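In each ligand, atom 1 is the first atom listed, and ligand 1 is the first ligand listed. Values in this document were obtained by computation on a predicted structure and should not be read as measured data.
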Amino acid sequence: MLIAANFKTFKTRQETLDYYRDVRTFIEKNKITVESMIFPPATALNTFKGATVVGAQNAYAVENGAFTGEIGLNQLKEFGIKTILIGHSERRHILGESQELMVQKFDFFKEQGFTIVYCIGEPLEVREEGSETLMAYLDEQLEGIDLNYENLVIAYEPVWAIGTGLTPSTDEVELIHTALRQKIKAPILYGGSVKVNNAQELLSLNNVDGALIGSGALQAENFCRILEIAEGLQK
Ligand code: PGA
């Protein structure tokens, strides 16, 4: 099982260091074996020593170059970062990144052997059209992505569940993960309003291999509690 925290545009470098230290202490003290990852903002990337993997929320598909406001492979290499989030709905919908760009990033970082947490998820209007439309939408987001890549992790995150406190029913989550499992052997995380109080039921579902968590994991203490829940369910 894998528990990942996405800090988005929260936390400074110092706050990230404090968070990492608290999580590391907890993991060591409680002998947690569940895999964990955090995605701090680019300004807080650092060389971290501990079991929790640190990844980038985003990077441009380039070693370096003239891409104002972006970071590339060399800026990640400085800190030994080998994990990246690609396709998060906030990048697709707020920053307007296309599927074509996702594929470009995916191929570049795959070539570099990165662990790629690739996010997919449908907006509410798609969900309301029923499961066939929903699965077709998810398929489009998987277009051009090598699903057999050995360092791939998928995160299924319904857009309308992100940061809203809403989640699909557990039956719905299980159904979608099970449908995805037919074509994806990689671990499939669920994301979208995962919190300490619903982690147990979501993580217990068939074909849910972990969680990608935003607001519910912003406090190190909550991330640790979710790690503890996952440890109890370790499958
Ligand atoms: P949330 O965000 O847990 O705040 O809903 C999840 C995500 O965006 O990865």
Side-chain angles (χ1 to χ4, degrees), residues 1-11 15-16 19 23 34-42 44-45 52-59 81 83-97 102 105-106 109 114-124 126-127 137-138 141-142 145 152-170 172-173 176-177 180 184 186-205 208-230:
M1 192 127 43
L2 166 62
I3 305 297
N6 174 9
F7 290 1
K8 308 190 180 186
T9 319
F10 293 97
K11 294 202 189 293
E15 287 165 348
T16 302
Y19 185 107
V23 169
V34 163
E35 277 183 80
S36 55
M37 268 180 199
I38 63 164
F39 294 92
L45 293 178
T52 303
V53 170
V54 176
Q57 291 177 21
N58 176 51
I81 306 287
T83 299
I84 187 164
L85 209 56
I86 295 179
H88 190 279
S89 79
E90 285 151 14
R91 296 214 63 89
R92 291 181 190 268
H93 299 292
I94 302 175
L95 283 306
E97 291 190 356
M102 300 306 157
K105 288 185 187 188
F106 188 95
F109 286 102
F114 270 54
T115 295
I116 299 176
V117 179
Y118 184 77
C119 307
I120 56 173
E122 81 292 349
L124 191 56
V126 170
R127 166 159 298 240
Y137 187 91
L138 299 183
Q141 295 185 319
L142 293 170
I145 301 301
L152 171 67
V153 176
I154 293 286
Y156 168 62
E157 302 198 296
V159 179
W160 54 275
I162 295 178
T164 58
L166 303 171
T167 56
S169 70
T170 47
E172 286 172 310
V173 173
I176 292 165
H177 277 244
L180 289 171
I184 301 168
I188 308 173
L189 313 181
Y190 169 77
S193 294
V194 177
K195 312 272 179 218
V196 170
N197 60 16
N198 63 11
Q200 171 95 21
E201 63 173 356
L202 287 164
L203 293 171
S204 310
L205 300 173
V208 172
D209 304 310
L212 177 58
I213 313 167
S215 44
L218 270 184
Q219 310 291 332
E221 189 195 332
N222 290 337
F223 187 62
C224 292
R225 286 181 66 193
I226 297 172
L227 282 178
E228 199 172 25
I229 292 167

Lys105 side, atom NZ; Asn58 side, atom CG - distance, nearest 0.5 Å: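 Output value for this atom pair is 3.5 Å.
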Set of residues satisfying side chain to side chain donor-acceptor pair (under 3.5 Å) with respect to Arg92, sequence neighbours excluded: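 Per chain and number, Arg92 pairs via side chain to side chain donor-acceptor pair (under 3.5 Å) with Gln99, Tyr118.
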May I have every N or O pair linking ligand 1 to the protein at under 3.5 Å, one per line with atom names and distance?
| residue | atom | partner | partner atom | Å |
| --- | --- | --- | --- | --- |
| ligand 1 | 2 (O) | Lys8 | NZ | 3.3 |
| ligand 1 | 3 (O) | Gly214 | N | 2.8 |
| ligand 1 | 4 (O) | Ser215 | N | 2.9 |
| ligand 1 | 4 (O) | Ser215 | OG | 2.8 |
| ligand 1 | 5 (O) | Gly163 | N | 2.6 |
| ligand 1 | 5 (O) | Ser193 | N | 2.8 |
| ligand 1 | 8 (O) | Lys8 | NZ | 2.7 |
| ligand 1 | 8 (O) | His88 | NE2 | 2.7 |
| ligand 1 | 9 (O) | His88 | NE2 | 3.3 |
| ligand 1 | 9 (O) | Glu157 | OE1 | 3.3 |
| ligand 1 | 9 (O) | Glu157 | OE2 | 2.6 |

Glu221 atom CD, over 12 foreign heavy atoms within 6.0 Å: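 No - once you tally the heavy atoms of other residues, nucleotides and ligands closer than 6.0 Å, there are 12 at most.
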Arg225 atom CZ, neighbour heavy-atom count above 12 within 6.0 Å: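 No.
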Aromatic plane relationship, Tyr190 with His177 - under 30° parallel, 30 to 60° tilted, over 60° perpendicular: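 Judged by the thresholds at 30° and 60°, the geometry between His177 and Tyr190 is tilted.
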Any donor-acceptor N or O pair under 3.5 Å, side chains Ser215, Lys8: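 No pair is found: no donor N or O on one side chain lies under 3.5 Å from an acceptor on the other.
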